[in-house]
Amino acid sequence: MITLESFLRGEWVAGRGAGATLLDPTTGQPVATASTEGLDLGAAVRHAREVGGPALRALTFAERGAVLKALSKAIHEHRDALIDASILNAGTPRSDAKFDVDGASGTLAYYASLGKRLGDARWIAEESEQLTQSVRFHGRHVWVPLRGVAVHVNAFNFPAWGLAEKLAVALLAGVPVISKPATATALTSYRMAKVMVETGALPPGSFQLLSGSAGDLLDHLGPQDALAFTGSADTGLSLRGRHNVLASSTRVNVEADSLNAAILCEDASDETYGAFLRDVAQEVTQKSGQKCTATRRVLVPAAQVDRVQADLIDRIGRVVIGNPAHKDVRMGPLATAQQKADYVAGVEKLVASGARIVWGHPTEVELVDADARAGFFVGPVLLRADDPASAAAVHEHEVFGPCTTLLPYQTTEEAIALVAKGGGGLVASVYGDDRDQLGALVLGLAPFHGRVLMGSKKVADQAISPGLVLPSCVHGGPGRAGGGEELGGERGLRFYMQRCAVQGDRALLDKMLVG
Ligand code: NAP
């Protein structure tokens with residue numbers, strides 16, 4: 001069993017005491033421990049501000065991009081070892097582990113290219129505007145990096161991608177990072193951090209890792225710092241409500257729960273219908289449904305709901321569940337015993353609220369090469385609520401596992417109203433071929449989402465599944481989803497930068513704001 005150390009002030013250090021035990025979710029056996037007890041996190045914050053910040057701000061965007069490129073390359077080179085760590089500690093089959101690890105290297109590579117494109121500058125200047133009748137007196141908005149630290153607190157489900165996507169954006173913006181992965185699955189994050197540190201490419205103080213509980217880290221946040229959190233809505237609420245965070249207006253970005261919906265339109269062609277089935281089945285079982293972007297509600301024209309139910313059962317029923325290290329297995333266990341208990345209770349809650357199980361069982365499941373009594377295995381479940389508006393929990397309670405609920409609808413307006421009951425989500429997907437109906441759905445759903453995916457005949461073969469988060473498009477959503485926004489190409493950098501309107505002599509401004 002290994003001890004996960006933290007990387008603080010340029011050194012790998014272990015906390016005192018036994019700390020938390022990380023398990024193999026397939027067998028329930030311990031694989032590592034992590035403790036942050038006794039570590040001086042105030043000193044880590046000062047180190048980031050005093051050493052990491054100046055080192056990063058001395059670099060141009062292109063130079064910071066080169067750092068990201070080196071990290072991306074190293075992660076890719078150590079891909080197999082990272083995938084093994086994910087199989088061992090997150091219970092993900094190889095295909096799901098690749099999704100996480102390749103997502104990490106891919107996002108770093110994307111922001112490396114953006115850095116190259118932003119070139120030799122160290123800040124971003126917007127267009128100049130004349131402010132008075134004088135052609136000489138202008139104003140220009142300029143974005144400069146904050147002088148503090150970016151603290152990243154991540155969820156258990158993407159130990160590689162979650163760390164890398166936040167890191168890429170903050171480093172490119174010029175702000176040093178202290179990253180705190182979720183403890184339960186921190187082995188992959190730890191191994192990835194080792195790989196990144198060993199590149200020697202990270203400027204001193206620009207990256208620190210906390211393996212284990214957050215301790216008093218957040219007590220040290222102040223007005224020039226930024227906190228980016230991914231996890232449950234309850235934790236998000238408590239973190240953003242901290243006194244020091246509120247008193248000093250620390251920037252906070254929250255990515256939380258989401259009842260993502262897929263909507264099938266009445267006129268969908270065979271190709272579009274095929275894409276809809278493929279995506280929904282994938283979103284239910286990929287990473288055992290432990291994705292913030294997984295499809296939790298499936299809206300179907302009432303006349304088609306029986307057919308969709310049968311077709312989805314056929315697809316989901318073919319997924320092989322069991323030991324994630326086995327080559328035939330496509331769905332592994334949930335990450336922790338608590339997640340399993342929450343899943344079982346969550347399905348019960350949906351049933352109590354008016355949904356019924358039309359296929360599957362939360363715990364009775366046939367496994368390949370695994371012992372159901374030892375690991376945290378669950379079965380995929382398809383539910384259906386024939387009176388969708390009254391099944392409140394279906395729209396309010398995110399069950400973080402392999403289940404989804406079929407909801408019949410009659411009109412486009414009703415479909416939009418049902419999706420809106422989710423209170424704000426990360427992504428909605430609509431599948432159809434009638435331009436007017438697609439347009440009405442997209443405009444009706446957009447106020448409630450950070451992203452809407454349109455599946456239609458011409459892109460049925462090429463479109464990505466809605467659960468895939470790409471660095472070029474924003475990730476986040478209003479309301480229940482946390483009200484945050486990450487990624488989105490250059491847009492993501494703004495969270496770590498201050499916008500300042502600089503006013504004065506146009507010629508002087510133009511000269512000053514080069515580079
Ligand atoms: P969680 O219990 O809220 O934990 C998330 C992170 O917060 C972990 O790193 C955890 O550390 C840390 N944390 C908990 N209490 C804290 C405190 N008082 N101070 C500082 N840090 C604290 O959530 P989870 O169980 O890992 O994740 C599951 C949830 O995340 C799901 O509900 C899902 O919807 C949501 N999620 C959202 C997204 C998104 O992008 N919107 C992505 C993935 C997951 P420890 O592990 O050390 O306790």
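In listed order, ligands and their atoms are each counted from 1.
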Enquirer: Quick one: list whatever passes side chain to side chain donor-acceptor pair (under 3.5 Å) with Thr363, sequence neighbours left out.
Expert: His361

Enquirer: Just how far is it from atom CG of Leu8 to atom CD1 of Ile178, taken to the nearest 0.5 Å?
Expert: 7.5 Å

Enquirer: Tell me whether Arg94 is salt-bridged to Asp80, with the criterion being a basic N under 4.0 Å from an acidic carboxylate O.
Expert: yes

Enquirer: Applying a heavy-atom cut-off of 4.0 Å, say which part of Phe156 lies close to ligand 1: side chain, backbone, both or neither.
Expert: both

Enquirer: Is it true that Ser258 lies under 4.0 Å from ligand 1, counting heavy atoms only?
Expert: no

Enquirer: Please work out, at 4.0 Å between heavy atoms, whether the side chain, the backbone, both, or neither of Asp234 comes within that distance of ligand 1.
Expert: neither

Enquirer: Quick one, Leu470 and Ile464 - any side-chain contact, counting heavy atoms below 4.5 Å?
Expert: yes

Enquirer: Run the numbers for me: atoms of ligand 1, each under 4.0 Å from some heavy atom of Leu239, listed by number.
Expert: 17 (C), 19 (N), 20 (C)

Enquirer: Just let me know how Thr230 lines up against ligand 1, side chain, backbone, both or neither, with a heavy-atom cut-off below 4.0 Å.
Expert: both

Enquirer: Just to be sure I read this right, does ligand 1 sit under 4.0 Å from the backbone of Ala256, its side chain, both, or neither, counting only heavy atoms?
Expert: backbone

Enquirer: Identify whether the distance between the nearest side-chain nitrogen and carboxylate oxygen of Arg491 and Glu485 falls below 4.0 Å.
Expert: no

Enquirer: Which option out of Val427, Thr235, Thr183, Asp342 puts a heavy atom nearest to atom 22 (C) of ligand 1?
Expert: Thr235

Enquirer: Can you measure from NE2 (His475) to NZ (Lys166) and round to the nearest 0.5 angstrom?
Expert: 7.0 Å

Enquirer: Using a heavy-atom cut-off of under 4.0 Å, does the side chain or the backbone of Phe158 touch ligand 1, or both, or neither?
Expert: neither

Enquirer: Just by distance, with hydrogens left out, do Asp234 and Ser232 show a side-chain donor and acceptor under 3.5 Å apart?
Expert: no

Enquirer: Judged on heavy-atom distance to atom 35 (C) of ligand 1, which of Ala155, Gly231, Cys292 sits nearest?
Expert: Gly231

Enquirer: Do Thr92 and Ser86 meet the criterion of a side-chain donor-acceptor pair at a distance under 3.5 Å?
Expert: yes

Enquirer: Mind checking whether Ala214 contacts ligand 1 via backbone (N, CA, C, O), side chain (CB onward), both or neither, at a 4.0 Å heavy-atom cut-off?
Expert: side chain

Enquirer: Evaluate His475 for polar contact with ligand 1, using N/O atom pairs at a separation under 3.5 Å.
Expert: yes

Enquirer: Parallel, tilted or perpendicular for Trp12 and Phe7, by the 30°/60° rule?
Expert: tilted

Enquirer: Of the backbone atoms (N, CA, C, O) and the side-chain heavy atoms from C-beta on, which set of Lys291 has a member under 4.0 Å from an atom of ligand 1: side chain, backbone, both, or neither?
Expert: neither

Enquirer: Does ligand 1 have a heavy atom under 4.0 Å from the side chain of Asn154, from its backbone, from both, or from neither?
Expert: backbone

Enquirer: Counting non-hydrogen protein atoms only, what is the nearest one to atom 23 (O) of ligand 1? Give residue, atom name and distance.
Expert: Ser232 N, 3.3 Å

Enquirer: Residues in side-chain contact (heavy atoms from CB on, under 4.5 Å) with Glu198, at least two apart?
Expert: Lys194

Enquirer: Under 4.0 Å from a heavy atom of Val153: which atoms of ligand 1 are those, numbered in the order shown and with their elements?
Expert: 6 (C), 7 (O), 9 (O), 12 (C), 21 (N)

Enquirer: Would Gln339 count as a contact of ligand 1 if the rule is a heavy atom under 4.0 Å away?
Expert: yes

Enquirer: Using a strict cut-off of less than 4.0 Å between a Lys/Arg side-chain nitrogen and an Asp/Glu carboxylate oxygen, indicate whether Asp225 and Arg251 qualify as a salt bridge.
Expert: no

Enquirer: Would atom 4 (O) of ligand 1 count as contacted, meaning some protein heavy atom under 4.0 Å?
Expert: no

